[in-house]
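Since the model is a prediction, treat every value here as computed from it, not as a measurement. For the numbers below, each heavy atom of this structure counts, side chains included, while hydrogens, waters and symmetry mates do not.
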Amino acid sequence: MSLQVEDFEPELQSAAKHYDKFVVCLDKTPDDFRHSLQSLMKKAISAYETRAPGMRHGIALDRHVTIMLSQSDDDRPLCGVYFNLHSPYRKTAVPKIT
């Protein structure tokens with residue numbers, strides 16, 4: 001079975017809806033996010049289809065989103081879209097002096 005980005009459109013639509021509603025991102029507009037989702041999905045599909053024997057996942061990520069395709073009992077893999085927690089305001093830790 002050859003996978004296409006369109007095969008996972010419901011998952012991408014759901015992620016975009018939640019991004020619009022819950023995620024505050026200074027780096028990506030909602031349109032940029034949707035474009036990133038499609039690009040990451042292509043990479044996750046490629047990783048899934050070319051995975052080594054015995055491996056069950058295809059993963060693609062950037063600073064804001066991780067997409068994971070996981071082998072299932074059906075022909076179609078499971079799809080998870082995860083928002084990576086990140087803050088541009090995070091301060092670097094001060095090194096401890098011992």
*Short question: side chain of E49, backbone of L3 - any donor-acceptor pair under 3.5 Å?*
yes
*Do side-chain atoms of D74 reach the backbone of R76 as a donor and acceptor pair under 3.5 angstrom?*
no
[X]: side-chain contact (heavy atoms from CB on, under 4.5 Å) partners, not counting sequence neighbours:
X: Q4; value: S2, E6, D7
X: A60; value: L40, K43, A44
X: H18; value: S14, F22, F83

*Working to the nearest 0.5 Å, report the span between CG of L37 and CD of E9.*
9.5 Å
*Output the distance between atom CG (L12) and atom CZ (F33), rounded to the nearest 0.5 Å.*
8.5 Å
With a 4.5 Å heavy-atom cut-off, do [X] and [Y] have their side chains touching?
X: N84; Y: H64; result: no
X: R56; Y: P77; result: no
X: T66; Y: V81; result: no
X: V65; Y: S36; result: no
X: I45; Y: F8; result: yes

So, using side chain to side chain donor-acceptor pair (under 3.5 Å) as the criterion, who are the partners of [X] when residues are at least two apart?
X: Q38; value: none
X: T50; value: none
X: R51; value: Q71
X: H57; value: S70

*asked:* Filter on salt bridge (Lys or Arg N to Asp or Glu O under 4.0 Å), then keep only pairs touching residues 29-42, sequence neighbours left out; what's left?
replied: D20-R34, D31-R34
*With ILVMFWY side chains joined below 4.5 Å, transitively, what does I59's cluster contain besides itself?*
L61, M68, Y82
